[in-house]
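Structure first, commentary second.
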Amino acid sequence: MALATTGVGGVESRIIAAMELTSKNALMILGPTASGKTQLGVQLAQLLGGEIISADSRQVYRGLDIGSGKDLDEYTINGVSIPYHLIDIVDLDEEFSVFAYQQAFYKVFERLQQAHRFPIVVGGTGMYLDAVLQKHRMVAVPENLALRETLAAFSMEALVERLRALKPNLHNSTDLTERERLVRAIEIAEYTQNHAPEPAPDIRPLVLGVDWPRETLRKRIALRLHERLESGMIEEVETLHAQGYSWERLELLGLEYRFVAQFLQGEIKNRNDLFQKLYAAITRFAKRQDTWFRRMERNGVEIHWTHQGDLAVALQIIRDAS
């Protein structure tokens, strides 16, 4: 895919036209919340003739706009609208799993390949990013009622032991905290041992990471949170509840939706407390995202880190990989 001829800030005024990304057929831009990865992705999409494929577990839902940070106006740059995918694709009362994301992603990826458009994956949901990077399709696993009946007699400790025996390198610890999730995880692990998945499409992304000093990122998180609260985030959650979505459903969406739902139910007493609790939760979430990315590196994913999402640095990394 050729880079366009254009001027970009601190880099040379004309970028080498017809430079081909010979070893990579996609970009992946990851980073913690509030890091500016969408902005970088859109800038690169304009230069590369690319389209954005979102990897965000909440932006797939219609109606989750302010709290999920869709910021759809960011997809217009210099008067040009950059196409995006896997945003606003399901209703809030539908379940959308990592398996569903992978299937949807493959369809978009193959369509962009056929259209000679460059895929740029942008997001911070670790399980979605892993679903893109792994070399096999996930398998649709049916319920195994006989297995579930057997597992009903197991203690939580015995269930954890059985799952770890099946998946020694288990890294999704959330499966270990709820009995229903544990049973389903065991069901999936046992099924996939005997049902080999089909090969995935040939996805060879160059992975860029957006990195900030921790204290600077915290300031960005605080500023963005103030902006979202002023832009109607509380009213957005209130509207969703009025449309029939339960407080429980909204709280399951996590972070902004959980804390605002608690505020609207009177469990958080005032807006200042809401801000403080939510700010602390988001900064903890950003730290968990960073931990996930570092684990990806330990598992063999090469991430090229760009300080503060610097476009010139990103372009140089792309040139070096070409």
Side-chain angles (χ1 to χ4, degrees), residues 1-56 59-60 65 68-89 104-105 107-125 128-129 132-133 201 203-212 220 224 227 303-322:
M1 186 62 59
L3 278 172
T5 302
T6 184
V8 183
V11 298
E12 59 267 29
S13 60
R14 291 176 63 84
I15 299 177
I16 303 171
M19 181 183 70
E20 297 295 325
L21 292 174
T22 55
S23 62
K24 304 293 182 181
N25 60 4
L27 279 178
M28 175 179 285
I29 302 174
L30 55 80
T33 186
S35 61
K37 51 189 176 290
T38 299
Q39 181 182 33
L40 178 60
V42 168
Q43 291 173 320
L44 290 170
Q46 184 191 32
L47 294 172
L48 296 169
E51 300 190 12
I52 304 295
I53 308 178
S54 172
D56 188 290
Q59 292 186 9
V60 297
D65 300 325
S68 72
K70 284 176 186 169
D71 301 325
L72 297 182
D73 57 334
E74 286 194 28
Y75 293 90
T76 299
I77 180 171
N78 299 326
V80 177
S81 295
I82 303 299
Y84 57 83
H85 305 271
L86 304 189
I87 293 176
D88 289 337
I89 60 173
F105 175 87
K107 290 178 182 177
V108 172
F109 178 82
E110 291 173 334
R111 190 163 68 244
L112 293 184
Q113 291 261 289
Q114 293 168 3
H116 304 290
R117 299 289 292 172
F118 197 69
I120 300 178
V121 185
V122 178
T125 300
Y128 281 16
L129 298 170
V132 172
L133 292 168
I203 304 171
R204 292 170 277 110
L206 177 67
V207 184
L208 305 180
V210 180
D211 194 21
W212 288 83
R220 290 174 61 88
R224 192 181 67 170
E227 291 173 347
I303 302 176
H304 303 270
W305 292 98
T306 64
H307 181 59
Q308 300 184 9
D310 187 279
L311 178 60
V313 173
L315 288 170
Q316 188 58 55
I317 292 169
I318 293 170
R319 291 190 189 90
D320 293 344
S322 302

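The two residues Leu133 and Pro205 have their closest heavy-atom pair at CD2-CG, 3.6 Å. When all heavy atoms of Phe109 and Ala26 are compared, the pair lying nearest together is CE1-CB, 4.2 Å. Between Ala314 and Leu40, the closest heavy-atom pair is CB-CD1, 4.1 Å. Nearest heavy-atom pair, Ser54 versus Gln59, reported as atom, atom and distance to 0.1 Å: OG-OE1, 3.8 Å. Here the closest non-hydrogen pair linking Val42 and Tyr75 is CG2-CD2, 3.8 Å. What you find for Ala45 and Ile52 is that their closest heavy atoms are CB-CD1, 4.1 Å.
Each of Asp211, Ile29, Ile317 was compared with Thr306 under the side chain to side chain contact (heavy atoms under 4.5 Å, CB included) criterion, and only Ile317 meets it. Applying the side chain to side chain contact (heavy atoms under 4.5 Å, CB included) test between Ile53 and each of Ile120, Val122, Leu86, Val132 identifies Leu86 as the sole match.
Taking CD1 of Ile318 as the start and CG of Leu47 as the end, the distance is 8.0 Å to the nearest 0.5 Å. Going from atom CE of Met28 over to atom CD1 of Ile303 covers 9.0 Å, rounded to the nearest 0.5 Å.
When only modelled atom types and interatomic distance are considered, Thr33 and Arg224 share a side-chain donor-acceptor pair under 3.5 Å.
Using a distance-only test at 3.5 Å, with no hydrogens or angles considered, no donor-acceptor pair links the side chain of Asn78 to the main chain of Val80. Side chain of Ser23 to main chain of Ala321: a donor-acceptor pair is present (N/O by atom type, distance under 3.5 Å, no hydrogens or angles). At least one donor-acceptor pair under 3.5 Å links the side chain of Asp310 to the backbone N or O of Val313. With hydrogens and angles ignored, the 3.5 Å screen pairs a side-chain donor or acceptor of Trp212 with a backbone N or O of Ser35.
Shown here are the salt bridge (Lys or Arg N to Asp or Glu O under 4.0 Å) partners of Glu227, two or more places apart in sequence or in another chain: there are none. Scanning for side-chain contact (heavy atoms from CB on, under 4.5 Å) contacts around Ala55 gives Tyr101, Val121, Tyr128, Leu129, with sequence neighbours left out.
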**Request:** Take His85 and Leu112 through the test side-chain contact (heavy atoms from CB on, under 4.5 Å) and record every step on the way to the result.
**Result:** CA-CA 10 Å; His85 305 271; Leu112 293 184; 3.9 Å; yes
**Request:** Output, in order, the C-alpha distance, side-chain angles, deciding distance and verdict of side-chain contact (heavy atoms from CB on, under 4.5 Å) for Gln308 and Val210.
**Result:** CA-CA 6 Å; Gln308 300 184 9; Val210 180; 6.0 Å; no
**Request:** Under the side-chain contact (heavy atoms from CB on, under 4.5 Å) rule, what do Ile77 and Ile82 come out as? Steps first, then yes or no, please.
**Result:** CA-CA 8 Å; Ile77 180 171; Ile82 303 299; 4.0 Å; yes
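Residues Leu27 and Leu48 form a side-chain contact, since some pair of their non-hydrogen atoms from C-beta on lies under 4.5 Å apart. Counting heavy atoms from C-beta outward, Leu44 and Leu208 have side chains that approach closer than 4.5 Å.
A salt bridge between Asp56 and Lys70 is absent, with no side-chain N of the basic residue lying under 4.0 Å from a carboxylate O of the acidic one.
Each salt bridge (Lys or Arg N to Asp or Glu O under 4.0 Å) pair with one or both residues in residues 32-55, not counting sequence neighbours, appears once here: Glu51-Arg117.
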